[in-house]
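Worksheet: the structure to be examined is printed underneath.
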Amino acid sequence: MATIGLFYGSSLGNTETVAEKISDLLTGHTVEMHDISSTDKSVFEEYDYLIMGIPTWDYGQIQSDWEEFWVELGNIDFNGKLVALFGLGDQFGYADYFLDAMGMLHDVVLEQGGAVIGYWPVDGYEFEASKALTDDKSEFVGLAIDEDCQPELTEERVQAWVEQIVDEFDF
Ligand SMILES: Cc1cc2nc3c(=O)[nH]c(=O)nc-3n(C[C@H](O)[C@H](O)[C@H](O)COP(=O)(O)O)c2cc1C
């Protein structure tokens, strides 16, 4: 049994709802949820296993609570930590910026020494461009959720991804 820190920011509640689903499915593990709007850097340091959720807003921008935290985020030492990311976006409404913020979060975690798990295939999504892709563009750098266009797929995606990260965290 491991303790996992789950950090999320959410403007309209979608990312928070997905965070709760992920937490509920991680049965047998302790999940401590932290809204990024009321978290500081020291809280991150308590965990070796982290999950971070971020929606993209305003044409490829970081969600506002994450944006306020961004400087502090860049000072966190992620060495020795395993991080799984999930992002929310709208693939039809913002097809040129789909999930960009998750890609930016991924860059920071890697720059700060973290290891990222939980990459997710792009099959089943339609978009033009995203900063949240792996180099070969075959995967997103974390779970991709679209509550605007594909809400009916959220449950099965979350379930499959939680199984995947439990395996990859290798507690
Ligand atoms: C004004 C506005 C701008 C948005 N910009 C983007 C965007 O650039 N890229 C994207 O993938 N999704 C974009 N979205 C979709 C949101 O990321 C999506 O609705 C998400 O579920 C919101 O999550 P939240 O409720 O946790 O804030 C935008 C939504 C709105 C209303």
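Predicted model only: the values in this text are computed from it and were never measured. Atoms within a ligand are numbered from 1 in the order they appear, just like the ligands themselves.
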Worksheet item: Are Y47 and E32 close enough that some pair of their side-chain heavy atoms sits under 4.5 Å apart?
Response: yes

Worksheet item: Under 4.5 Å between side-chain heavy atoms, hopping through other hydrophobics if needed: is there a path connecting W57 to Y97?
Response: no

Practice prompt. Establish whether V162 and F171 are linked, either directly or via other cluster members, by ILVMFWY side-chain heavy-atom contacts under 4.5 Å.
Written response: yes

Practice prompt. Return yes or no for this condition: an N or O of S11 is under 3.5 Å from an N or O of ligand 1.
Written response: yes

Worksheet item: What residue and atom, counting heavy atoms only, is the protein's closest point to atom 15 (C) of ligand 1, and at what distance?
Response: D90 CB, 3.6 Å

Worksheet item: Hey, does D100 sit under 4.0 Å from ligand 1 if you only count heavy atoms?
Response: no

Worksheet item: For ligand 1, does D146 get within less than 4.0 Å through its side chain, its backbone, both, or neither, judged by non-hydrogen atoms?
Response: neither

Response to the item:
Looking only at protein heavy atoms, what sits closest to atom 31 (C) of ligand 1 is W57 CZ3, 3.2 Å

Worksheet item: Going by distance alone, is a donor N or O of one side chain under 3.5 Å from an acceptor N or O of the other, for T154 and E147?
Response: yes

Worksheet entry | Contact atoms of ligand 1, heavy-atom distance to F98 under 4.0 Å | 11 (O)

Practice prompt. Please step through side-chain contact (heavy atoms from CB on, under 4.5 Å) for the pair W70 and L105, ending with a clear verdict.
Written response: CA-CA 9 Å; W70 213 249; L105 187 55; 4.0 Å; yes

Discussion item. My understanding is that we take every heavy atom of each candidate and find the minimum distance to atom 1 (C) of ligand 1. Doing that for Y8, F92, Y94, which one comes out nearest?
Written reply: Y94

Practice prompt. Run the ring-centre check on F140 versus Y125 and record whether the distance is less than 6.0 Å.
Written response: yes

Item to complete: Return the residue, atom name and 0.1 Å-rounded distance of the protein heavy atom closest to atom 14 (N) of ligand 1.
Response: T56 O, 3.3 Å

Worksheet item: Linking I/L/V/M/F/W/Y whenever any side-chain heavy atoms sit under 4.5 Å apart, do V43 and M52 land together?
Response: yes

Discussion item. If you define the side chain from C-beta out and look only at heavy atoms, does anything of D96 sit under 4.5 Å from Y59?
Written reply: no

Worksheet, complete the sentence: Counting from 1 in the order shown, the ligand 1 atoms closer than 4.0 Å to a non-hydrogen atom of D148 are 15 (C), 18 (C), 19 (O), 21 (O)

Item to complete: Determine the minimum heavy-atom distance between W120 and G142, stating which atoms define it.
Response: CB-O, 3.4 Å

Worksheet entry | Selected option - heavy-atom contact closest to atom 26 (O) of ligand 1, from S10, G89, A132, C149 | S10

Practice prompt. Establish, from distance only, whether the side-chain atoms of E139 and T134 form a donor-acceptor pair under 3.5 Å.
Written response: no

Practice prompt. Around atom 5 (N) of ligand 1, find the nearest protein heavy atom and jot down its residue, atom name and distance.
Written response: D58 N, 3.1 Å

Worksheet entry | Heavy-atom nearest neighbour in the protein, as seen from atom 11 (O) of ligand 1, with distance rounded to 0.1 Å | L99 N, 3.0 Å

Worksheet, complete the sentence: Nearest non-hydrogen protein atom to atom 9 (N) of ligand 1, with distance, is Y97 O, 3.1 Å

Worksheet item: Counting from 1, what ligand 1 atoms have a heavy atom of G60 closer than 4.0 Å?
Response: 7 (C), 8 (O)

Discussion item. With heavy-atom distances below 4.0 Å as the criterion, list the atoms of ligand 1 near N14.
Written reply: 20 (C), 21 (O), 22 (C), 23 (O), 24 (P), 25 (O), 26 (O)

Practice prompt. Pick out which of L82, I51, V166, T30 makes a side chain to side chain contact (heavy atoms under 4.5 Å, CB included) with I4.
Written response: I51

Worksheet item: Can you tell me which residue and heavy atom of the protein come closest to atom 23 (O) of ligand 1, and the distance to 0.1 Å?
Response: P55 CB, 3.4 Å

Item to complete: Just jot down the ligand 1 atoms closer than 4.0 angstrom to any heavy atom of Y59, in number order.
Response: 5 (N), 8 (O)

